[in-house]
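Take a look at the structure below.
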Amino acid sequence: MLSVSITKVFITVFFLISACIIYFFLAIPYYSGDVKNHVAWAVSFLQDGTLGFYEKEIPGFYIPNYPPITIWLFTLGESIYQLTKQWVWYLNVSAMIFPSKLVSFWEWENVRFTFLKLPAILANILLAYGVYLLLPFIKKESSERQRILVSGLFLFNPASIYLSALWGQIDFLPVAFLVFAFYLLFKSRIYWSAVLIVLALLSKQTVVIFLAFYMFLVWRRFGWQILGKAIVIVLVLFYLAFLPFHQFSLTWPPQFYLSTFSSVVLTVGENVFNFWGFLFDFKKGIPDSQIFLFLTYYQWGILLMSVFLSVPILIFLKRELSTKKIMVLLLLISLVYFFFLTRLHERHLAPSIVFATLLAAVDKRYWVSLVFISGLFLLNMYNGSFQPNIELFNKAVSSLIFIKLLVVGYFLIILYNLYIFIWEK
């Protein structure tokens with residue numbers, strides 16, 4: 001029995017380490033311009049420390065707007081790079097047989113940028129393990145082999161690789177903490193689950209869209225008293241995380257956090273294949289403050305999202321739903337908010353990949369959602385970077401008719417998942 005457990009651990013560790021190495025080498029040739037901001041933030045952090053970090057302007061770069069966990073991780077990536085570069089130089093000087101070309105390779109900016117992608121790569125590894133842990137709660141008879149295959153299905157999804165390894169964006173990091181928070185919630189370890197929720201909030205602000213649903217689920221399963229204690233844990237850890245960055249203040253942390261939602265471009269969307277892109281032929285720079293029938297586009301986005309989510313939420317309020325149904329609702333939230341809200345970027349569709357993967361593993365009806373969403377997500381990201389140069393993708397994203405058909409298909413996928421959620425017993 002012990003040897004079987006050791007074998008399982010060895011296979012799991014080998015699988016994750018192998019994936020990490022593959023991701024790392026795939027990450028070297030390409031990068032998103034945002035990674036340069038991450039380097040600048042990490043250098044500023046190391047040189048000037050934490051106090052006042054979010055108020056410092058870095059010439060030529062965006063002012064830092066990511067929460068503390070991500071900033072610490074970027075700094076760790078830069079520190080690891082600088083340490084390894086010193087070791088490469090030391091070995092080059094002290095060991096005659098050491099290949100000198102490795103020094104110039106290590107000083108290549110792409111290698112440095114790859115180390116700043118480590119948080120994004122780590123997020124994918126964590127998510128793969130989170131999928132592995134969560135699957136038995138959705139399908140009780142899940143075998144070890146099936147759990148590993150489903151983890152690999154997410155980990156080696158081209159869209160997952162493109163976002164984290166090629167772009168170096170950390171949008172899967174808050175989702176990873178969210179998945180572990182739900183895993184602990186299903187195991188009735190609510191206070192540790194609350195810790196994971198605050199880690200998600202402190203990774204990237206996009207996870208806020210799931211917060212109300214999470215809180216409601218805690219209340220429904222454990223009552224007001226437990227929810228109150230969980231909120232206290234979240235608030236305390238939230239304030240502690242921001243304490244090194246600013247003199248103690250009850251108002252500054254939430255004010256700063258909320259202000260970051262307005263630090264994005266206030267348009268109907270930036271390179272987003274969604275409802276607003278469809279309406280405006282995917283043109284950039286259209287303010288979402290423009291008014292149509294007494295409401296701004298921003299307000300219309302919120303209203304449309306609320307309308308489309310009202311039916312599944314009402315069903316959720318009335319029924320005791322299974323873990324699978326909870327995953328379906330999380331998928332619907334991911335799809336609907338990306339389709340209707342303004343001020344979004346292409347990478348904000350990332351959570352839907354995770355929930356669609358879990359559902360496809362237990363119900364073949366969700367395979368169409370997973371394949372379609374993965375393809376749309378990949379093309380949407382490619383349209384933002386055109387790396388590597390793939391002629392087929394170039395033709396696809398240059399065709400307005402094709403992209404509009406994709407958006408129509410996306411809307412049909414939302415309706416399809418709504419239908420399954422509403423009518424499935």
Side-chain angles (χ1 to χ4, degrees), residues 6-7 9-50 53 56 58-62 64 66 68-129 151-152 155-156 158 160-170 172-173 176 203 244 385 387-389:
I6 293 173
T7 302
V9 170
F10 176 79
I11 292 173
T12 303
V13 171
F14 177 79
F15 173 76
L16 295 177
I17 291 176
S18 299
C20 194
I21 293 171
I22 292 170
Y23 263 74
F24 185 86
F25 283 102
L26 286 173
I28 293 175
Y30 312 102
Y31 62 87
S32 160
D34 287 339
V35 179
K36 294 183 177 181
N37 286 315
H38 305 163
V39 173
W41 297 346
V43 170
S44 173
F45 187 99
L46 290 169
Q47 290 178 348
D48 302 322
T50 58
F53 171 80
K56 293 173 186 173
I58 307 172
F61 300 95
Y62 288 115
Y66 280 13
I69 294 292
T70 302
I71 297 300
W72 281 103
L73 288 173
F74 287 154
T75 305
L76 178 62
E78 172 68 9
S79 300
I80 294 172
Y81 169 73
Q82 295 297 342
L83 181 62
T84 57
K85 189 171 76 167
Q86 290 175 12
W87 272 101
V88 168
W89 266 105
Y90 172 77
L91 292 172
N92 182 61
V93 172
S94 60
M96 297 296 293
I97 61 172
F98 189 81
S100 296
K101 289 185 178 180
L102 189 60
V103 176
S104 58
F105 173 77
W106 220 255
E107 291 186 339
W108 184 26
E109 66 174 9
N110 283 45
V111 174
R112 184 184 190 181
F113 294 158
T114 299
F115 277 86
L116 270 292
K117 295 179 184 179
L118 287 177
I121 295 172
L122 174 65
N124 284 36
I125 303 300
L126 286 174
L127 259 177
Y129 187 59
S151 297
L155 202 53
F156 297 108
S160 303
I161 295 172
Y162 200 98
L163 176 64
S164 299
L166 274 73
W167 268 35
Q169 293 288 0
I170 52 88
F172 279 130
L173 184 61
S203 301
S385 69
Q387 299 179 79
N389 185 26

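Quick note: numbers below take in every heavy atom, side chains included, and nothing from hydrogens, waters or symmetry partners. All values derive from a computational prediction rather than experimental measurement.
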message: Check whether Tyr23 reaches the backbone of Leu155 with its side chain - one donor and one acceptor, N or O, closer than 3.5 Å.
response: yes
field: Check: Lys36 and Phe113 side chains under 4.5 Å, non-hydrogen atoms
entry: yes
query: Heavy atoms, side chains only, cut-off 4.5 Å: are Thr50 and Trp72 in contact?
result: yes
field: Closest approach of Lys117 to Ala27 (non-hydrogen atoms, all atoms of both residues)
entry: NZ-O, 2.7 Å
- line: On a heavy-atom basis, the closest approach of Pro29 and Asn110 is O-ND2, 3.1 Å
message: Can you confirm whether Leu102 sits close enough to Phe105 that some side-chain heavy atom of one is under 4.5 Å from a side-chain heavy atom of the other?
response: yes
Residue pair Glu78 / Gln82, side-chain donor-acceptor N/O under 3.5 Å: yes
message: The test is side-chain hydrogen bond (donor to acceptor under 3.5 Å, both in side chains); show your working for Ser385 and Tyr162 and say whether it passes.
response: CA-CA 11 Å; Ser385 69; Tyr162 200 98; 2.7 Å; yes
- request: Give a yes or no on this: more than 12 heavy atoms of other residues, nucleotides or ligands lie within 6.0 Å of atom OH of Tyr90.
  value: no
- request: Heavy atoms only: give me the nearest Tyr30-Pro388 pair and the separation to one decimal.
  value: OH-CB, 3.2 Å
message: Applying side chain to side chain contact (heavy atoms under 4.5 Å, CB included) to Phe156 and Ile22, what does each step give before you reach the verdict?
response: CA-CA 10 Å; Phe156 297 108; Ile22 292 170; 4.2 Å; yes
Student check: side-chain heavy atoms of Pro119 and Thr70 closer than 4.5 Å: no
- prompt: Would Trp41 and Phe53 count as a close aromatic pair, with their ring centres under 6.0 Å?
  reply: no
message: Taking Ile161's backbone N and O only, do any of them form a donor-acceptor pair with Ser164's side chain (distance below 3.5 Å, no angle check)?
response: no
Heavy-atom side-chain proximity of Ile58 to Val43 below 4.5 angstrom: no
task: Check whether any side-chain heavy atom of Glu107 lies under 4.5 Å from a side-chain heavy atom of Trp89, and answer yes or no.
output: yes
task: For the residue pair His38 and Phe74, categorise the inter-ring angle as parallel (less than 30°), tilted (30 to 60°) or perpendicular (more than 60°).
output: parallel
query: Is there side-chain contact between Phe24 and Leu118, with heavy atoms separated by less than 4.5 Å?
result: yes
Heavy-atom closest contact (Leu126 atom, Ala176 atom, distance): CB-CB, 4.1 Å
- request: Using a 4.5 Å cut-off on heavy atoms from C-beta on, say whether the side chain of Ile28 contacts that of Trp108.
  value: yes
- prompt: Parallel, tilted or perpendicular for Phe115 and Trp106, by the 30°/60° rule?
  reply: perpendicular
